[in-house]
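Inspection log for the structure reproduced underneath, given as structure tokens.
Note that the structure is predicted; figures quoted are calculated from it, not measured. Just so you know, ligand 1 is whichever comes first in the structure, and atom 1 is the first atom listed for that ligand.
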Amino acid sequence: MKQSTIIKCPDCGERAFIKTTINVSDGFSNLYCICSNVECNASLVFSLYLSYHITPPRSAMSDDARKSLAVLPRSERRQIAYMLEK
Ligand SMILES: [Zn+2]
């Protein structure tokens, strides 16, 4: 199984590997991790949730809306996405 190294152990600062991901609901998952530092050996559960879309999925947008958004700077797209999520 491929291991991911995006998690930092809060106990020792070393990388923690995601061993299992449990999808609790749409946009919310629990990540079961283990620290790579054998001296620490902590097992951890992180909660991961979707904050907002930077770009909505293609299925949620018309072609015209997608083309209009594509010409905007990324910061403006992010701001629009943030406002739409509220
Ligand atoms: Zn650790």
Side-chain angles (χ1 to χ4, degrees):
M1 178 181 202
K2 183 180 176 189
Q3 293 182 323
S4 179
T5 58
I6 62 169
I7 302 296
K8 180 179 172 184
C9 176
D11 298 307
C12 71
E14 293 295 323
R15 293 180 298 178
F17 296 109
I18 300 170
K19 302 300 281 186
T20 305
T21 301
I22 304 293
N23 293 318
V24 178
S25 63
D26 289 343
F28 178 68
S29 298
N30 282 331
L31 309 177
Y32 290 79
C33 304
I34 188 163
C35 181
S36 63
N37 178 357
V38 294
E39 298 298 321
C40 175
N41 201 36
S43 295
L44 314 139
V45 179
F46 289 86
S47 294
L48 176 71
Y49 68 92
L50 173 66
S51 297
Y52 57 89
H53 287 88
I54 295 171
T55 303
R58 288 179 181 261
S59 61
M61 299 177 63
S62 69
D63 286 343
D64 289 341
R66 189 170 33 256
K67 287 175 186 171
S68 297
L69 283 176
V71 298
L72 294 175
R74 185 180 200 130
S75 61
E76 289 186 32
R77 289 196 316 251
R78 188 176 296 139
Q79 189 174 16
I80 290 170
Y82 181 76
M83 289 186 303
L84 291 173
E85 294 284 332
K86 295 291 174 181

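With sequence neighbours left out, Tyr32 forms a ring-ring contact (aromatic ring centres under 6.0 Å, His included) with no residue at all.
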- Tell me, with the steps shown, if Tyr52 and Tyr82 meet ring-ring contact (aromatic ring centres under 6.0 Å, His included). CA-CA 6 Å; Tyr52 57 89; Tyr82 181 76; 5.6 Å; yes
- Item | Check against side-chain contact (heavy atoms from CB on, under 4.5 Å), Ile7 and Phe46 | CA-CA 9 Å; Ile7 302 296; Phe46 289 86; 3.2 Å; yes
- Task: Show your reasoning for whether side-chain contact (heavy atoms from CB on, under 4.5 Å) applies to Leu31 and Ile22.
- Result: CA-CA 7 Å; Leu31 309 177; Ile22 304 293; over 6 Å; no
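Protein N/O/S atoms nearer than 2.8 Å to the Zn ion (ligand 1) total 4.
Residue pairs satisfying the side chain to side chain donor-acceptor pair (under 3.5 Å) criterion with at least one member in residues 35-48, sequence neighbours excluded, are listed as follows: Asn30-Ser47.
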With a cut-off of 3.5 Å and sequence neighbours excluded, list every side-chain donor-acceptor pair involving residues 70-81.
| from | atom 1 | to | atom 2 | distance (Å) |
| --- | --- | --- | --- | --- |
| Arg77 | NH1 | Leu72 | O | 3.2 |

